[in-house]
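Every chain is numbered from 1, with letters handed out A, B, ... down the list of sequences.
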There are 2 protein chains.
Amino acid sequence: MENLRVLKHLAMMDAVKDFIPISSGEIAKMLGMSQQSSSKKILELIDDEIIERRFGAKKPLIKITKKGVGLLQKEYADYQRIFEALKKLSAKGVVISGMDEGRYYLTLKGYKEQLKRKLRFSPYEGTLNLKLLSSESGKLNILKESAGINIDGFQDGERTFGPGKCFHAKIRNADCAVIMPNRSHYSNVVEIISKDYLREKLKLRDGDEVEVEIRL
Amino acid sequence: MENLRVLKHLAMMDAVKDFIPISSGEIAKMLGMSQQSSSKKILELIDDEIIERRFGAKKPLIKITKKGVGLLQKEYADYQRIFEALKKLSAKGVVISGMDEGRYYLTLKGYKEQLKRKLRFSPYEGTLNLKLLSSESGKLNILKESAGINIDGFQDGERTFGPGKCFHAKIRNADCAVIMPNRSHYSNVVEIISKDYLREKLKLRDGDEVEVEIRL
DNA sequence: ATTACTATAGCGCGAGTAG
DNA sequence: TCTACTCGCGCTATAGTAA
């Protein structure tokens, strides 16, 4: 319904609260349409009991009805859903065995202490590797494009360890985090850390399918 | 722009995050229009750089561009403004002298203790009377229709004191509250209480115009 | 000033259809 | 299957104008 635009404009002029003095010509000007069209739309809105009008001494008075406020709320809720969903990302994957590389990195003080401080938990020294379903491939790009929580790189003797990032996440209601290097070759595997040994806590075995909810 | 409806629908299907596989026919069905119209609208959105399309192996892939997300955010912000404004009410009035009736009620334990508990401050034993400008007359009706914070009535010996309600408010950044009886004759005067003697704290004299911000 | 009618102009929708 | 063209009908917006 295009009349929603008119309704929204009236709402932004506080016609949700109380009658506001406004003429069809003024509404028309605001919305870039003719007075005649505006008049017609107003009549339609009145017909649908979305707004209410009174002819006062001076300008006509318009107020949005409960039904009209309901329409606006529904619309508002839709936008809330859109932007709430934007903060989250859920992806399905199957548990696989890594090559204990993750475990090695987690023993390094340079990473370990940062993770503890920034994630507010001491990670169990090992990662759970999740191979995302092929249908979820795009989700990894989202993670790569998102800032997340930055993990600085560092030097240890002569070896350099690169920077990365992580995201708070949940698997079956267990708090965890997704960690990834900033520079990564193509991969459809994500590494998950948690304060607990997730394989045991969640009774996971290679091949099990799980869903991870990531907070961007 | 009617195309906003199409854009919103795409957003609700997560096309803000990533490319989603969807055909013009599917979009058409969802929005109750013909495949032809849907196709045209898609082309318009692409032309305006609001969405981006790729033709993959299977279905066409559609994603909302930054510009498109910007449009949605603007729309979302409008709705936020509408509903945030609904929680507040500001009204202008001039300071007048009451007949110390307010002061009397505030000395009564039955009201005083409720106000302290429910407003979380001990009111100064006196009220500031504000006569609303005639242009603000509608605002009082809003207050009357709003629930506010309920103040119970009580009995004291043989006299009955009626129930009322109050609202947290601010005058020139000073925390205060508007109090009003549930049953009130017509009046364009509101009574304000605060932990301080507002007349002194804000250097107010009869006839001064002030604006009160009321939290509904 | 307003609102809102009627008549007309023009745009948008969808059927048919090609690629 | 899909997209997207043309074309004709019809809806909708606006100009003119009455009340």
Can you tell me the distance, in whole Å, between the [atom1] atom of [X] and the [atom2] atom of [N]?
| X | N | atom1 | atom2 | value |
| --- | --- | --- | --- | --- |
| Leu31(B) | dG14(C) | CG | C1' | 15 Å |
| Ile22(A) | dA1(C) | CD1 | P | 17 Å |
| Arg53(B) | dC2(D) | CZ | C1' | 10 Å |
| Met33(A) | dT14(D) | CE | P | 7 Å |
| Ile27(A) | dA13(D) | CD1 | P | 15 Å |
| Ile62(B) | dC2(D) | CD1 | P | 13 Å |
| Glu2(A) | dC11(C) | CD | P | 16 Å |
| Arg54(B) | dT3(D) | CZ | C1' | 19 Å |

* Between Ser90(B) and Glu211(B), does any side-chain donor sit less than 3.5 Å from a side-chain acceptor? -> yes

* Asked: Using a distance-only test with no angle check, is there a side-chain donor-acceptor pair under 3.5 angstrom linking Ser38(A) and Gln35(A)?
  -> no

* Can Lys87(A) and Glu84(A) be counted as an ion pair, charged N to O under 4.0 angstrom? ->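 Result for this pair is yes, salt bridge flagged.
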
* Does the Lys17(B) side chain pair with the main chain of Ala85(A), one donor and one acceptor, at a distance under 3.5 Å? ->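 Yes.
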
* Lys195(A) (side chain) donor-acceptor with Asp175(A) (main chain) under 3.5 angstrom -> no

* Mind listing the residues from residues 35-46 of chain A sitting with a heavy atom below 4.0 Å of DNA chain D? Number order is fine. =>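 Nucleic-acid contacts, sorted: Gln36(A), Ser37(A), Lys41(A).
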
* Just say parallel, tilted or perpendicular for the rings of Tyr104(B) and Phe161(B), cut-offs at 30° and 60°. =>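 Tilted, since the angle between the ring planes falls between 30° and 60°.
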
* Asked: Does the side chain of Ser24(A) get closer than 4.0 angstrom to OP1 or OP2 of dT3(C) through an N or O atom?
  -> yes

